[in-house]
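Data first, discussion second: the structure below is written as structure tokens.
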Amino acid sequence: MIKIENITKIFRTKEVETTALDRINLQVAQGEFVSIMGPSGCGKSTLLNIMGLLDQPTEGALLINDTAVSGMKDKQLAHFRNQTLGFIFQSFHLIPALNVFDNVELPMLYGKNISTKEQRQRVLEVLEKVELSHRLKHFPTQLSGGQCQRVAIARALVSKPEVILADEPTGNLDSKMGIEILELLLTLNKEGTTIVMVTHDERIAQQTHRIVRLLDGKIQ
Amino acid sequence: MKIIIQYLKTAWYNTLHNKGYAIFCFLGTVLTFIFVVLVLQLIYIFASNYPPMSNADRIIRLDAFQDIKGKEIRAEIHVTGVSVLMENLKKFDNISLYHYNYISIRANERLHSTLTGFVNADFWKIYDFDFLYGNPFTKEECINRKPVVVITESMSQAYFNTKNGIGKKITFQGKEYEVGGIVKNISYYSSPTEEQCTVWVPYVFDKFIPNKTYKYIVDVLVPSSMSMHDAKENVFRSVNYYFENKDIKVDFSLQKVKTLKESLATKERDLFQYGGMIALFLFLLIPALNILLLGNAHTNNRAEEIAIRRAFGAGRLSSFLQIMSENLLLVVAGSIAGSLLAVPVIEIVQQLIMGDSTMENLSLVGHIDYVVIFIGVLPTMLVFSLLSGGLPAYLISKRNIAYILKGDSK
């Protein structure tokens, strides 16, 4: 599903050069739920960003569904992200100007031509799944943290991606809410979605199929 | 369509949540477009056969003649003389007579010194005035000495507090006249004469002409069936014949017979036209740079939104358009307001500078034409929007998504 070959990521400024990832090799199989753990600054989010095509590696190759994505142009990358990947962020990253319905609908605006009726149906389906179908017209500022994260999950699911990349999805939530979100992700995984999740929480990571531990940019 | 609605939704939201920037951008655009509309209208007036001068390239003007010593011949085309000249020009259907002078006009208990034109009925056929109310006076009304006048809308407004002053009375030189027609305001620069009249009276009431210091301006409209060369030759022969009969040696040649358009094509006019374009460019560039600098800082507020959209499949072009939509929203609103305010603001400024006594006489542009709005203002608006918002939008759409989502919004 996802194949990372010798990926290195170096951040350069005028004075400093920091190696965030150092020749990482990793494979994630279809239907797998993998968590990435490690101390702050070890490169977890950088690895997830590269897997999500949000950032470019300095060296190495990335294959998703046997497709080499390294040489893709911006338009192709955008299309690939839209069709194959879904993102869940620690701080939700909902657009404050849009209500719940519009936020969830967002990925479909850039994707395949789907009728308005079907788009609406899909949005309602995923909001039903995250138990927020009664909050369609609410804006992010009118929701609790847990509800915002559910909206973010619904947004990640709406275009039926094969892979969900979650960057500390429970990081901003209390433990009860965190467990609810994890249960939701576990359900999605059981339904066949591949999930890669960055987390600090050992208990949450233990619930996943596999834990990848990073330290100083290397897999332990 | 849906995506455009989303663009506008977020643009509107950001406008409401960044009022300082929105007000600066809006007011900057309003001020810019007041000047832009003015300059575009002036360029349009200079570059085209602008009403009432629609026939400028088919009008031959006879107004100043010199004798062979270079001395101006005055008063030779007066009331009796002009009928002889017109007899010589019989191949032309429309020949207008025009003489203008300042006259104290009393109306509605107000007295103003007003530039008044004495014209014949053909004047209204040669010059394409836009009548808002009523009609021009006819040849029969001139012959029958009917005391009617045509005035401009601003004159009507100034004297009678209404644009429709039809039937109202004005008095000058001891005689009362009825307003029979109201014409749309015209610009200084499209006036048939050097100075712009706001009242026109049948020439038969002209008490100045018998005085030898005054003369008529004679304009001949060349019929469309006649070639311009033939018309000029015809005019040349007629004028020569006229002066030969008067035993005056006039310095006149075929080359000196010019259409009104040719007479107006002066270096000053060209300079004004090209200077107008430079002014237009500066009017756009300076505020655009101001908005650009502020917009660059403001756009950073939207960096996160753009990064989210790109993470979920928006391309760079789509992100660029997303940012531009907010700028365009403000620029469109500002340019519409600027276009609507252009004429009133210009008039207020004119009144402040020139004083109230001349308010019925002055009109820099008269009015704004639709063609200026659609062919001039709309493209200029897009250029202004691109100048002021394009660079920040481009820069933000090129930024690294991961960095922005991590919180690096520099």
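Reminder, nothing fancy here: chain letters follow the sequence lines and each chain counts from 1.
- Listed for the A:Q83 side chain is no donor-acceptor partner under 3.5 Å among the backbone atoms of A:F80.
- Taking every heavy atom of both residues into account, B:A342 and B:V37 meet most closely at CB-CG1, 3.7 Å.
- Contacts between A:I50 and chain B at a heavy-atom distance below 4.5 Å are absent for every atom of the residue.
- The closest donor-acceptor contact from the side chain of A:K44 to the backbone of A:G38 lies under 3.5 Å.
- Contact of A:E105 with chain B is made through the side chain alone, with heavy-atom distances under 4.5 Å.
- For the pair B:K398 and B:Y403, the cation does not sit on the ring face, since its NZ or CZ is not both under 6.0 Å from the ring centre and inside 45° of the axis.
- Only the side chain of A:F89 comes within contact range of chain B, judged by heavy atoms closer than 4.5 Å.
- Neither the backbone nor the side chain of A:Q90 comes within contact range of chain B; no heavy atom of the residue lies under 4.5 Å from a heavy atom of that chain.
- Interface check for chain B: of the options A:A156, A:G111, A:P96, the most heavy-atom pairs under 4.5 Å are formed by A:P96.
- Side-chain N or O atoms of A:T84 include none that pairs as donor or acceptor with a backbone N or O of A:P161 at under 3.5 Å.
- Heavy-atom distances place no part of A:F139 under 4.5 Å from chain B, backbone and side chain included.
- Environment of CG in A:D216: sparse, with no more than 12 heavy atoms of neighbouring residues, nucleotides or ligands closer than 6.0 Å.
- Between chain B and the residues A:L109, A:N82, A:N49, A:D74, the largest count of heavy-atom pairs under 4.5 Å involves A:D74.
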